[in-house]
Structures are given as structure tokens and as C-alpha cells.
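Counting convention: from 1, in listed order, for ligands and their atoms alike. The model shown is predicted, which means the values in this text are computed figures rather than measured ones. For the numbers below, each heavy atom of this structure counts, side chains included, while hydrogens, waters and symmetry mates do not.
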Amino acid sequence: MTKNIVILISGGGSNMAAIVNEANSGRWAERFGARVAAVISNKEEAEGLAFARERGIATEVVKHRDFASREAFDAALSEVIDRHQPALVVLAGFMRILTAGFVAHYAGRLINIHPSLLPAFPGLDTHQRAIDAGCKVAGATVHQVTADLDLGPILAQAAVPVMPGDTPQSLAARVLTQEHVLYPRAVEAFLATSVTA
Ligand code: GRF
């Protein structure tokens, strides 16, 4: 059975694109029987959707604004995700807090990338906070998603230096280039260790 990967985005989708590119160049279909089956966004204007469409990947939009509650949105999102029978659900710049029920439904097959060296700086504005704290290194973390925001078991990390004069934007750009290496590698490690269903 194919190991389907479903990727959730909200914006640029550069991490998603890095994973799709590595799936192709790393021959994940041959090596792991895996493929990126769908890219789903909560925003129809997410730039990453066009990239996915051009690659022939199914895209879907589930707008959170169409739902009265977090629970209703998560239920609709789950329904769309589950049509693709995912072995792995990858959050890649997906800017929604998920309900405990959603997280439990995907226990063990839901991962996220967060732009800090967790457990430092969970939440938003990570780069500004790292600069304000005087950190000499910053980075990104791939972790399993649990009900505690940004606090699931750590799967992989990459560190970059914080340079004198860094702005949140310059630091974010330096971290993002490492995210593009780290996240595909972490997904590949997951595929290599997960038992075929
Ligand atoms: C990344 O920095 C990711 O860590 C954070 O949001 C950004 C998403 O970038 N959660 P992209 O959409 O993958 O380009």
C-alpha cells in the first residue's frame, strides 16, 4: 500500500516545495513506496497551491472562516485529509491551532516544523524573541505534534548563528534555508522507519 503524505500549508509553501522536490530527487516512490498525495490549505490565496498544482499534486482548500468553531473546522479538515488515507500528515507553515481531537486522530503520524530551537520560543515571533534574548544561535525544530502547542517529541533540529545586526527578517531567511534541508530529511527518516501498512 502506498504511503501517502498529505501536506498542510497556509502561505508560501517553501517547505512543502522542498519536500516535494526531495520526494522526486530522492526517489521516495521507489525506495519507500511513498508519495505526496495532496496539499491542503486553509487559505485559497496560499502561494504554495500553484506549485503543487503544477507538479500534478491534488490540492484542496478548507477555509477556516467558513466554520463557526475550531471543532467544526478541524472535523471538515480531517474529512478532506482522510480521503487521501495518509501515512503521514505534514504541517508546513500551517498557521492554525489544532484541537486535541484532531491531534489524537493523527497520533504518531502528524509532524510540524517550528522556526526555533524548541523548547525555546514556542509560539509566534520566534526570531524577534531570539534576537531580544541575545541568543547566539537560532534554528528550527521538526517535532511530533501533540496536544501541547510546539511541545511534542523532537525529531530533528538545525542550528544557525545569530549575526550582529540581524533583523527578524534576516534571521528568518537564514533559518528557512536550513528548514528546507531539515524537513525533507526528517520526513525521509520517518518513511524509512515506519512500518508499511
Ligand atoms: C517556516 O518558517 C515555518 O517554520 C513556519 O512558517 C514558515 C513557513 O514557510 N512555521 P513556508 O510556508 O514553508 O515557506
When the ring planes of Trp28 and Phe32 are compared, do they come out parallel, tilted or perpendicular, using 30° and 60° as the limits? perpendicular

Between Arg174 (side chain) and Val162 (backbone), is there a donor-acceptor pair under 3.5 Å? no

Can you list every protein residue that has a heavy atom under 4.0 Å from any atom of ligand 1, sorted by chain and residue number? Gly12, Gly13, Ser14, Asn15, Gly93, Ile113, Pro115, Leu176, Glu179

Sequence neighbours excluded, which residues qualify as salt bridge (Lys or Arg N to Asp or Glu O under 4.0 Å) partners of Asp74? none

Under 3.5 Å, is there a donor-acceptor pair between the side chain of Asn21 and the main chain of Ala17? yes

Please check this pair: side chain of Ser69 against backbone of Ala72, looking for a donor-acceptor N/O pair closer than 3.5 Å. yes

Side-chain donor or acceptor of Lys3 paired with backbone N/O of Leu191 under 3.5 Å: yes

